[in-house]
Amino acid sequence: GVDVAAEARVLRSDIQKARHNLLIGSSCLNGELFELAANGDDARLKEAMAFYDYVEVQPLGNYSTMIAMNSLPSVDRLKTVIRRLISTAKEMGIPVIADSDAHYCRPEQKIFRDVYIMSQGVGGATHPLYIRDENLRRKTKNPEQHIRLTGEMLQEFAWLNDEKLIEEIVLDNPEKLFDLIEDGIHPVPDGTFA
């Protein structure tokens, strides 16, 4: 298949114009901040991070494909990158939010995501989690990306070995973010649309 570069669906300039109505999060491993925390210098990371209202970090397992494909050499390196995201955000006064990066609700629904990852997109594009090497693909599971409850999230970030920090990113900061969202806002209309 042929890789097709993704085009922006919403321009950053348009986001800036409507900024007063939006809360902007940093995204997952495919976002600019993760890449800069892994490979960029402090100045570039801080400059990019200044755009966001909050910085997101996900459970270590969400990054498993990156490690399998050697985009990151080890879980220890991954932890260093996540710690750098957290420390830089804290230095800049930007809240860090631990989230599931959920793509489905329950673990048993993972099969649907697996099929989606394996399917070619328009023009032969492949999903970012698709592993081209067949042998590696067969022995590498796609990350678990179900909605994790509070207890699960606390366990997922126990490796930080800092109870106060874990409570801040798993409990306190998400609650503060929710408090910023007006009641009555619905991203999709009520009802079922077959």
Side-chain angles (χ1 to χ4, degrees), residues 1-10 25-42 44-45 48-49 52 54-89 96-162 165-166 169-170:
V2 176
D3 277 329
V4 177
E7 292 184 20
R9 293 196 177 98
V10 179
S26 64
S27 182
C28 58
L29 60 92
N30 294 317
E32 68 175 336
L33 290 194
F34 188 85
E35 173 64 28
L36 286 168
N39 301 308
D41 60 54
D42 288 344
R44 286 174 52 215
L45 176 58
M49 195 175 277
Y52 296 95
Y54 59 96
V55 171
E56 299 175 56
V57 292
Q58 288 84 30
L60 298 176
N62 286 37
Y63 304 87
S64 59
T65 307
M66 288 188 90
I67 293 170
M69 292 192 295
N70 287 321
S71 297
L72 284 171
S74 67
V75 173
D76 284 341
R77 174 69 178 134
L78 170 59
K79 289 177 178 180
T80 299
V81 172
I82 293 174
R83 281 190 183 103
R84 185 175 182 211
L85 280 169
I86 293 169
S87 63
T88 304
V96 177
I97 305 245
D99 63 53
S100 299
D101 189 29
H103 284 70
Y104 45 92
C105 295
R106 296 180 306 281
E108 62 271 18
Q109 295 172 321
K110 181 177 183 286
I111 186 68
F112 300 113
R113 175 106 168 122
D114 289 343
V115 169
Y116 178 72
I117 290 168
M118 296 297 290
S119 303
Q120 283 194 341
V122 176
T126 57
H127 190 278
L129 294 177
Y130 179 78
I131 299 173
R132 292 187 180 282
D133 180 280
E134 186 175 349
N135 289 329
L136 184 58
R137 185 173 62 244
R138 287 183 184 275
K139 61 183 179 185
T140 305
K141 292 184 178 179
N142 292 317
E144 303 285 337
Q145 291 182 284
H146 59 281
I147 296 171
R148 288 174 172 88
L149 302 178
T150 302
E152 293 172 282
M153 288 298 285
L154 291 169
Q155 285 181 317
E156 292 285 0
F157 286 91
W159 63 268
L160 287 169
N161 294 318
D162 181 336
L165 174 61
I166 296 165
I169 68 174
V170 171

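This one's a predicted model, so the numbers in the text were calculated from it and none came from an experiment. Note: hydrogens, waters and symmetry copies are ignored here, and every other heavy atom, side chains too, is used. Numbers here simply count residues along the sequence, with the first being 1.
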Could you walk me through whether W159 and I82 satisfy the side-chain contact (heavy atoms from CB on, under 4.5 Å) test, starting with their C-alpha distance in whole Å, then the side-chain angles of each, then the deciding distance to 0.1 Å, before giving a yes or no? CA-CA 11 Å; W159 63 268; I82 293 174; 3.9 Å; yes
Could you walk me through whether M49 and L85 pass the side-chain contact (heavy atoms from CB on, under 4.5 Å) check? CA-CA 9 Å; M49 195 175 277; L85 280 169; 4.0 Å; yes
Would you please test N39 and E35 for side-chain contact (heavy atoms from CB on, under 4.5 Å) and show each step? CA-CA 6 Å; N39 301 308; E35 173 64 28; 2.8 Å; yes
Quick one, V81 with Y63, criterion side-chain contact (heavy atoms from CB on, under 4.5 Å). Give me CA distance, side-chain angles, the key distance, then yes/no. CA-CA 11 Å; V81 172; Y63 304 87; over 6 Å; no
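Taking Y52 as the reference, nothing meets the ring-ring contact (aromatic ring centres under 6.0 Å, His included) condition, with sequence neighbours excluded. Under the salt bridge (charged side-chain N to carboxylate O under 4.0 Å, His left out) criterion, E156 pairs with R148, not counting sequence neighbours. Remark: H103 engages D101, R113, Q145 in a side-chain contact (heavy atoms from CB on, under 4.5 Å) (not counting sequence neighbours).
Considering all non-hydrogen atoms of both residues, Y54 and I97 come closest at CD1-CG1, 3.8 Å.
A donor-acceptor pair under 3.5 Å is formed between the side chain of E56 and the backbone N or O of S27. T80 places a side-chain N or O within 3.5 Å of a backbone atom of D76 that can act as its donor or acceptor partner. Between the side chain of K110 and the backbone N or O of N142, at least one donor-acceptor pair lies under 3.5 Å. Side-chain N or O atoms of N62 include none that pairs as donor or acceptor with a backbone N or O of L60 at under 3.5 Å.
In this structure, S100 OG and L149 CG are separated by 8.0 Å, a value rounded to the nearest 0.5 Å. In this structure, CG on L78 lies 10.0 Å from OG on S64, to the nearest 0.5 angstrom. Rounded to the nearest 0.5 Å, atoms OG1 (T65) and CG (L72) are 11.0 Å apart. Separating the CD atom in Q109 from the CG atom in D114 is a distance of 12.0 Å, to the nearest 0.5 Å. The CG atom of L33 sits 9.5 Å away from the OG1 atom of T88 when rounded to the nearest 0.5 Å. Atom CG of L36 and atom OG of S26 lie 11.0 Å apart (nearest 0.5 Å).
Taking the six-membered ring where tryptophan is involved, the planes of Y104 and H146 are tilted, since the angle between them lies from 30° to 60°.
Between F34 and Q58, the closest side-chain pair of non-hydrogen atoms is not below 4.5 Å.
Salt bridge status for D42 with R84: present, with a side-chain N to carboxylate O gap under 4.0 Å.
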